[in-house]
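Note sheet for the following structure.
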Amino acid sequence: MVYCAHPNCQLEVRGGLQGLKDHIINKHHAAPFLCYEEQCSEGGRAFNVKSSFIRHLQSNHPLSCDPGDDDESMDTSSSSNLQASTVSRESSNYEDNTRSGGASNSSDENEENAEMDVDDGDHDNIEDDFSLRLEESAARFVLNIRRHGNVTATTVQRIMSETFELLNTVLKWSRDKISSHLTTHEINEDIISKCVDYLHFEDPFMNLKTTEKQLDYFEEKFGLVRPERDGLFLGTRWEDKLDKQSGLTLPVQVRTTFQYVPLIKQLTAILNNPVLFNLIHKETPSTDGHYRSYLDGSEALSHPLVSRYPNIIRLVKWVDDSEVVNPLGSKTAIHKIVNDLFVIHNLPPEENARLRSIHLSSYSYREDLPEDESVDALLAPFFNELDQLESEEGVSIQVNNAPFTLRATLTAFAADDLGAHELLGLGSPSLNRFCTLCLITRHEFHSNIFAMGAMRTKEMHRRNVEELNRRGAAFALASSGVKRDSILTRRSKYTEFPAAMIKDPMHDLLRGIAPMEVKLVLHELCIAQKYFSIEDFNAQLKSFNYGIADMKNKPSPNITKSSLQKPMSYVMHQTAAQTWCLIRVFPFIVRRKFPKVPQNCPHVSLIVLLKRLCDIIFSDDISENDLILLEELIHQHHTLFVTLYPLTVFQEPEIPQHGNQVDEDFLEDEEEVDNPSSQVCGSTGTGSTRKTQSVVRPLQKHHSLVHYPELIRKFGPIVLYWCMSKRNALLKRFGAICNNFIRLPLTFANLHQISHTADFLDWNSSVKSEISFPRGGLKPAGTVFGFPELADLGIEEDAILQQVSEVTVGGFRYIVDLYVALPLLFNENAVFGKIRNVYIFEYQPFLVCEEVKTIYDEDFGAYKIDNKEPDVFTIRAFKQSSLLPVRPMSIWQTADGVPYLSPRNAIGDMLINITHADELE
């Protein structure tokens, strides 16, 4: 046997060189490859290329490379070793027969026949085992084809058919060649026939021909959790169907259902993954007073189950709608799908940021939901299972063949404005009582942007529902905003709703406040003050050097003058990530690229304050000082907003009017309009056009920001609850290529679970341990740049390091010349380092950085690099795992070449950073 070449493995590998090659590929081992064979003349030499290492073993360690030495110690349970052993025995029998010239007496023939009988039995076992493994490989092949939703079921069937034809063609050619070759050597025809028989096998796709057969196989072999058969009953609806006998279209009552994936089965499959089981059960609260997870908030201390069972599975759910067909087509309403999803909050943030951590609860057509229940009908089976999981006994399951008591609880719901109102049984967000957390009225909000009403509680909601039943909907909507009872307040035992309804920061900030304020500021600078044109601004957006770190998220230069002249339209054609990048880069473009803009322009300061708000809100590590600063920044931001736009009236351009119908381009989405009455129309006569005057008022999302500090103190970082889910992209992609729109929820549920099963089969490591890097040169540690600093980390002088240009760890790309946030000392302001070199040692990345001095600049909301002494710098070396979890940054420069670093979230204690900057000034 031979030893594995990887430093962190060094396992004994059976099967000779081929077994070693398979081991390296299956374990995803990368260079360097070290020889661990005993008595190696080259003293454990490291090889950068796998083929060179293999040649070294063949030349210097031929005995270790011989697979025949493994037969005596072979594990008989391994099918691959069994096959190798049988083939070895068959070849030895063949050699014995050929040496004897084929002559034998009757007793020898009997013995040979007996041996042949044994061999035939082994051959049958091997053939059966190979067929099973081939079928499993074919199933994995089909699973991986379908996991991304790029092909239809018909295409998958065609691929299977063509693949089998290709295999048959190759096997036929191989059989002909082998038979011809053995015949030329005068080999016995029976032996030739037996050898050729090895190259016959049945169609491996035989049990995978249809979607139903594939799902059955995936469920049995791969642990696929399927939706409930035939769906769960919702109600009935009338459809027009063709009567074949009469040829007329007649109304027919049909049964409506939704697709529900059992919660307990899903949690069982999750816990049977060793990686996830360990991650869930090693979660601990912070010890330094920072907010990093739900366990650090006050709700965890008061939650009866979480305080009693610290490792109980905590579920966070959200409900959202997806339009899976062409948004400009005629099927947009009838094919809108309601997604009911959940995540496990015990997992680290970097795990839940992956699509594979988003689990499906149910899918349904939006129009099939009962009007009196809405999404409550989808949540009912979830709460039925949750009652079992929250019971005193829990649910008994098997985890890795051992008994385990499964417990889980719902700790929060996350949603945008429309979703939160629907889930809590409230009316439209445009009503007078618009907040889901308190009872503030719209008049109170517009009179005082910092005003807050009485906080909604479960008991208050119960009284409001009683009032609704007693005094009617009109009174209830006006007094409390309650439209109907909610399953969240009715069925949730241990979580307080509406208080646990988390406002989604992505929708509030990046889809609401940020687009509004950017358009208002550009309207003031471009149209009102004429400091620059919108064309010049778009040109700067396009030409700005964003660097490698932000290149994917650079904003699109598509802002038009006509869109700015419609201030009541706050929709920007940017993704949330692009909007985030836009508010970060906004001061760099406006303050330095356009000299006419005053240095202390309050409109630009409004965007900078918004950027600084996002820095803290989008952080997953927040201190109490950060929350104090956040409260102060919210106060400054809101005060400046109402100062700049005190019910400002904008004169809009003439709006084309067709009779009584206003052009739809000027109508707003319900979620974006806070108060429809804020638009005042001024008629210019009885012609075909009219002018409007729009009053700029703060959005209700501005009010939501006031609740954020307290939500973070209760539930931990609010960024952990945001709904920036890309699971919908899988459905939209499949919907774009699927021509069958019958029972879409079932099709999408199966697709989601197939994709999830494929992810689970590949989920053999945590995100933080996923490391990839390009090939690099091997160097002794004593000769590399920064060795003294590396030596402090325990790297010996004769160690072999691999120098690479970049390394990707957990989705973060550490590239030479990018900047990283260095570890902080106690009460130390943020420190950054420029990556000078990247080394790989024992499959662990090490960074040699040049420390840079920075000062926090409140005018840009970024860190200004101090270049006063460019020749004096400090070299520091770090293991990548010791760095702060901040995405590496590129330098952003102003027009006069001053370099800045603009991280995406707060680093360290922001109060200390600002105080330190003030002291230096």
key: Neighbour count >12 (heavy atoms, 6.0 Å) for atom NZ, K458   = yes
message = So that I can tick it off, tell me whether D216 and R229 are bridged by a salt bridge, with the cut-off set at under 4.0 angstrom between side-chain N and carboxylate O.
response = yes
request  = Please name the pair of heavy atoms, one in A749 and one in Y363, separated by the smallest distance, quoted to 0.1 Å.
outcome  = N-CD1, 3.5 Å
message = Using modelled atom types and a 3.5 Å cut-off, is there a donor and acceptor pairing between side-chain atoms of T249 and backbone atoms of D240?
response = no
ask   = What's the spacing between R356 CZ and T757 OG1 if we round to 0.5 Å?
value = 14.0 Å
key: Spatial distance of atom CH2 (W722) from atom NE2 (H507) [nearest 0.5 Å]   = 11.5 Å
Pair T236-Q253, side-chain hydrogen bond (donor to acceptor under 3.5 Å, both in side chains): steps then yes or no = CA-CA 6 Å; T236 59; Q253 192 176 34; 3.0 Å; yes
inquiry  = Using a 3.5 Å distance criterion without hydrogens, assess whether the side chain of T489 forms a donor-acceptor pair with backbone atoms of F497.
reply    = no
task = Step by step, work out the ring-ring contact (aromatic ring centres under 6.0 Å, His included) result for F760 and H756.
result = CA-CA 6 Å; F760 264 62; H756 227 50; 5.5 Å; yes
request  = Start with the C-alpha distance between Q214 and V156, add both sets of side-chain angles, then the distance that settles side chain to side chain contact (heavy atoms under 4.5 Å, CB included), and finish with yes or no.
outcome  = CA-CA 11 Å; Q214 294 167 18; V156 172; 4.0 Å; yes
message = Using a 3.5 Å distance criterion without hydrogens, assess whether the side chain of Y365 forms a donor-acceptor pair with backbone atoms of L744.
response = yes
Working for ring-ring contact (aromatic ring centres under 6.0 Å, His included), residues Y721 and H345 = CA-CA 9 Å; Y721 299 86; H345 240 219; 4.6 Å; yes
message = Looking at R462 and E466, is there a salt bridge between them, counting it only when a charged N and a carboxylate O are closer than 4.0 Å?
response = yes
key: Ion pair check, E496 and K714, cut-off under 4.0 Å   = no
Heavy-atom closest pair, residues H703 and C435 = NE2-SG, 3.4 Å
inquiry  = For a quick test of reading the model, state the closest non-hydrogen atom pair linking L360 to F342 and the distance between them.
reply    = O-CE2, 3.8 Å
key: Polar side-chain atom of H421 near backbone of D417 as donor-acceptor pair, under 3.5 Å   = yes
note = Looking only at heavy atoms, the pair that brings P262 and E228 closest together is CG-OE2, 3.4 Å
inquiry  = For E390 versus L410, what's the shortest heavy-atom pair and its separation?
reply    = OE2-N, 3.7 Å
request  = Could you tell me whether K701 and D504 make a salt bridge, using a distance below 4.0 angstrom between a side-chain N and a carboxylate O?
outcome  = no
query = Are the charged groups of E212 and R226 less than 4.0 angstrom apart, N to O?
reply = yes
message = Within the 3.5 Å criterion, strictly below it, is a donor on T154 or T152 matched to an acceptor on the partner's side chain?
response = no
remark   = The reported gap from CG in D340 to OH in Y260 (rounded to nearest 0.5 angstrom) is 8.5 Å
key: Heavy-atom neighbours of K317 NZ exceed 12 at 6.0 Å   = yes
query = Is the backbone of L224 close enough, under 3.5 Å, to the side chain of E219 for a donor and an acceptor to pair up by distance?
reply = no
message = Looking at I344, is its backbone amide N or carbonyl O close enough to the side chain of N352 to form a donor-acceptor pair, meaning the two atoms are under 3.5 Å apart?
response = yes
Derivation and outcome, side chain to side chain contact (heavy atoms under 4.5 Å, CB included), residues D321 and V338 = CA-CA 5 Å; D321 288 358; V338 181; 3.5 Å; yes
query = Can you tell me if T256 uses its side chain to pair, donor with acceptor, with the backbone of G235 under 3.5 Å?
reply = yes
ask   = Does any N or O in the side chain of N469 come within less than 3.5 Å of the main-chain N or O of V465, such that one atom is a donor and the other an acceptor?
value = yes
ask   = So, R407 and N311: side-chain donor and acceptor under 3.5 Å apart, yes or no?
value = no
query = Can you tell if the side chain of L418 reaches within under 4.5 Å of the side chain of P429, non-hydrogen atoms only?
reply = yes
key: Spatial distance of atom OG (S479) from atom CZ (R433) [nearest 0.5 Å]   = 7.0 Å
ask   = Crowded around K493 NZ? As in, over 12 foreign heavy atoms under 6.0 Å?
value = yes
inquiry  = With heavy-atom distances below 4.5 Å as the criterion, would you say the side chains of N339 and S322 are in contact?
reply    = yes
ask   = Does I264 offer a backbone N or O that forms a donor-acceptor pair with the side chain of E385 under 3.5 Å?
value = yes
request  = Taking only Lys NZ, Arg NE, NH1 and NH2, and the carboxylate oxygens of Asp or Glu, determine whether D230 and R255 approach each other closer than 4.0 Å.
outcome  = no
Heavy-atom pair with the smallest gap, counting every atom of P370 and A377 = CD-CB, 4.2 Å
inquiry  = Is there a side-chain contact between Y708 and D508 in this structure, where contact means two heavy atoms from C-beta onward sitting under 4.5 Å apart?
reply    = yes
Stepwise side chain to side chain contact (heavy atoms under 4.5 Å, CB included) test for I397 and N272 = CA-CA 10 Å; I397 63 172; N272 273 284; 5.7 Å; no
task = Run the salt-bridge test on R484 and D376 with the 4.0 Å N-O cut-off and return the result as yes or no.
result = yes
message = Quick one, I313 and L406 - any side-chain contact, counting heavy atoms below 4.5 Å?
response = yes
task = Applying side-chain hydrogen bond (donor to acceptor under 3.5 Å, both in side chains), run through T411 and E299 and close with a yes or a no.
result = CA-CA 9 Å; T411 54; E299 283 295 311; over 6 Å; no
ask   = If you round to the nearest 0.5 Å, how far is OG1 of T579 from CE of M572?
value = 6.0 Å
message = Is it the case that atom NE2 in H281 sees more than 12 heavy atoms from other parts of the structure closer than 6.0 Å?
response = yes
query = Is the backbone N or O of I312 less than 3.5 Å from a side-chain atom of N346, with the two atoms forming a donor-acceptor pair by type?
reply = yes
remark   = Rounded to the nearest 0.5 angstrom, the CG-CZ distance for D387 and F382 is 10.0 Å
